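A quick write-up on the structure given underneath.
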2 protein chains.
Amino acid sequence: MKLTIKEVAQQAGVSIATVSRVLNNKDRVKSSTRQKVKEMIHKLNFQPDLNARNMIKKESKTIGMVIPELSNEYWSHLVDVLQENFWDNGYMLIVGSTDRNLDKEQAFIKSFIERRVDGIIFGSSLTPRADTDNETFKLIKQYGIPIVSLDPKNREMSCVLGDHLQGATDGVEHLIRLGHRSIAFIGGPTAPDSRELGFRNAFMLNNLIVDESLIRRSDSSSTFQFGYQTTIQLINDGAEFTSIFCYNDATAFGVFKALEEKGMRVPEDVAIVGYDDVQMAGLFKPALTTVRQPIIEVGQALAKLLIDTIEMGSTSIQKVPPKSISFKMQLIVRDSCGSQLKS
Amino acid sequence: MKLTIKEVAQQAGVSIATVSRVLNNKDRVKSSTRQKVKEMIHKLNFQPDLNARNMIKKESKTIGMVIPELSNEYWSHLVDVLQENFWDNGYMLIVGSTDRNLDKEQAFIKSFIERRVDGIIFGSSLTPRADTDNETFKLIKQYGIPIVSLDPKNREMSCVLGDHLQGATDGVEHLIRLGHRSIAFIGGPTAPDSRELGFRNAFMLNNLIVDESLIRRSDSSSTFQFGYQTTIQLINDGAEFTSIFCYNDATAFGVFKALEEKGMRVPEDVAIVGYDDVQMAGLFKPALTTVRQPIIEVGQALAKLLIDTIEMGSTSIQKVPPKSISFKMQLIVRDSCGSQLKS
DNA sequence: ATGAAAGCGCTAACAG
DNA sequence: CTGTTAGCGCTTTCAT
């Protein structure tokens with residue numbers, strides 16, 4: 001019932017070593033033998049057991065990745081891009097959604113190690129402050145598994161990042177240019193948050209002063225829910241603002257909803273800027289002005305960086321200094337900020 | 001440099017068999033020994049190599065799944081649910097997005113087999129008409145890999161499905177009840193498509209006759225793009241319709257966009273019904289009336305069905321007749337159809 | 001060019 | 001209770 005290399009060898013009248021050779025396209029096999037074996041493989045529909053092979057080769061052609069959740073378009077899109085890139089290079093990607101739960105994340109990482117993945121991508125990690133004495137991080141190091149991260153986690157890890165300082169600065173300056181002075185910031189769970197930094201940067205560049213009461217941060221996720229609730233609260237607090245800069249588009253949609261319920265119009269009463277540029281951003285009414293993330297480029301860079309690191313192996317001196325590749329963000333101006341100057 | 005069970009055994013002063021026993025929580029180990037070994041495992045931070053274990057146990061605790069694309073909320077949500085369910089049962093899920101490309105799908109399946117997955121889920125398969133003499137299907141059978149599918153593929157495969165006949169019937173009858181008679185159908189790539197069947201069923205139930213010129217099908221995907229283009233075409237063709245029933249919400253959003261460009265209002269000029277109930281459906285303006293799919297329940301059922309099949313193993317007689325579990329759809333009435341009767 | 005044999009890291013009888 | 005041994009399915013020397 002079990003079809004192995006042995007069976008193929010027997011049927012083809014050669015030794016298992018020879019079958020292995022043709023399986024791996026090794027040299028030194030008489031072409032007639034190779035032909036014969038190939039035919040048998042095909043006839044038997046033989047698929048070699050990769051796990052057995054991997055055990056010897058000490059590789060698994062598998063990459064593990066942790067992300068907070070898949071049901072956010074940013075992540076699902078990124079995963080899709082990565083999966084394709086890895087696949088094209090012979091790797092499989094397995095991803096774990098952590099729901100921003102540290103235990104879950106650690107459990108995933110542990111499982112990745114047990115499966116001897118060739119590399120790990122930290123999408124958005126909680127293991128953070130992943131300094132030397134962190135349990136999980138130590139494990140990864142001990143097993144010598146190459147890692148890369150999306151956005152910087154610590155100085156020992158290579159990473160690919162979006163320049164959110166620039167992105168947020170652009171977004172907020174757009175608002176300032178339109179005359180807005182009371183700009184609220186609905187932030188995300190990231191800490192430190194370069195978008196918040198960008199927010200402050202835009203104010204500085206324009207010699208304006210930030211109203212701290214208009215800054216709201218999330219301690220967990222930054223979803224539609226959070227945008228909605230925070231906006232309601234902002235209004236109930238009696239805060240005065242003419243515009244809101246949001247951590248991401250999902251949050252922005254929540255803001256829309258809250259504003260609508262409170263009878264405030266966009267962009268007439270409140271201008272909104274999102275972040276990500278998800279598919280619905282351009283479709284929504286009013287169409288969302290937002291900062292576009294170059295997900296495809298980021299994904300490609302992430303995959304390439306990790307694969308390069310893996311395939312460099314311990315060939316060269318272990319210690320290539322960690323790289324960090326940064327991508328620019330692009331402001332997409334649509335309708336959610338209006339076009340007239342706020343007076 | 002390499003940490004194996006051997007090293008642990010040595011350090012703990014026992015044999016590898018004993019280490020293996022405590023690793024697997026087997027009986028007959030003196031608790032003091034067990035304690036000692038456990039400490040060493042922990043001290044060394046030892047993670048057993050699952051691939052080695054799996055090779056012996058003839059299982060991989062891995063499930064493969066093919067889906068058309070991840071960047072559609074329906075799929076990303078479903079994958080998220082499945083991933084969680086499998087994880088809770090000790091399985092990892094690896095998914096491949098096929099972009100509806102048959103070659104890609106087959107390549108994924110082949111790769112799944114090489115990795116000796118314990119089961120395969122056909123999300124949306126092209127392999128279908130997967131009757132006996134299909135290459136890939138034959139392979140799966142030969143290797144005895146349990147499979148389940150989402151929506152029926154053929155009579156030999158267990159499946160979990162949404163009752164789209166009922167869902168579409170409900171959606172279209174809603175339109176009919178509101179007085180619509182000229183209802184367009186923007187279908188998807190599924191064939192045969194039970195939503196189209198539901199569409200026709202609703203007409204039959206109400207003694208109405210379908211205007212075939214208002215039925216448009218997609219040959220590839222059913223995205224925003226498709227909804228947009230098809231609607232433009234429908235209008236350019238001079239077709240007369242007062243409402244549109246869409247294959248899914250993404251399509252519906254495309255329809256909105258096209259309608260808007262052509263200066264037609266929703267729901268005043270055209271009523272729209274979507275399918276899926278994605279997060280944005282309720283947020284959109286006008287809020288989308290749509291048919292909700294019970295994704296979580298479907299995902300759970302899918303996982304349970306597959307796991308049960310796997311763990312039943314060849315214990316009982318190989319041939320348990322394929323099951324098929326069906327879930328009802330729920331019509332969610334919002335604003336995109338208005339509330340007044342069409343006269 | 002090919003085969004025999006020694007493992008990869010682990011589990012599972014089988015002894016003791 | 002614990003150790004010894006024989007593999008799992010494959011790759012890789014090392015002979016021939």
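Every chain is numbered from 1, with letters handed out A, B, ... down the list of sequences. In this text, all values refer to a predicted model and were calculated from it rather than measured experimentally.
In this structure, A:Q83 and B:G96 approach most closely via the heavy-atom pair OE1-CA, 2.9 Å. Taking both residues in full, the closest heavy atoms of B:V81 and B:Q300 are given as CG1-N, 4.2 Å, listed atom of the first, atom of the second, then distance.
Nucleotide C:dG9 holds its C1' atom 11 Å from the OH atom of A:Y143, rounded to whole Å. A:I113 places its CD1 atom 16 Å from the P atom of C:dG9, with the value rounded to the nearest Å. When rounded to the nearest whole Å, the span between NZ of B:K61 and P of C:dC10 equals 18 Å.
Residues B:M92 and B:K61 fail the side-chain proximity criterion, which asks for heavy atoms closer than 4.5 Å. Here the side chains of B:I147 and B:F137 are in contact, with some heavy-atom distance below 4.5 Å.
Side chain to side chain, A:T18 and A:R34 fail the donor-acceptor criterion of an N or O pair below 3.5 Å. A:T62 and A:R116 share no donor-acceptor pair across their side chains, judged by distance under 3.5 Å alone. Side-chain contact check for B:S97 and A:D80: at least one donor-acceptor pair (N or O, by modelled atom type) lies under 3.5 Å.
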Subject >> Per-nucleotide protein contact string for nucleotides 8-16 of chain D, where B marks a base within reach and S marks sugar-phosphate only (heavy atoms under 4.0 Å, - for neither) >> reply: BBBBBB---
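Heavy atoms from other residues, nucleotides or ligands lying under 6.0 Å from NZ of B:K304 number 12 at most.
When the side-chain nitrogen and oxygen atoms of A:T18 are compared with OP1 and OP2 of C:dG3, one or more of them lie within a distance under 4.0 Å.
An end-to-end axis angle of 40° holds for the helix from C:dA1-D:dT16 to C:dG16-D:dC1, taken from five base pairs per end and rounded to 10°.
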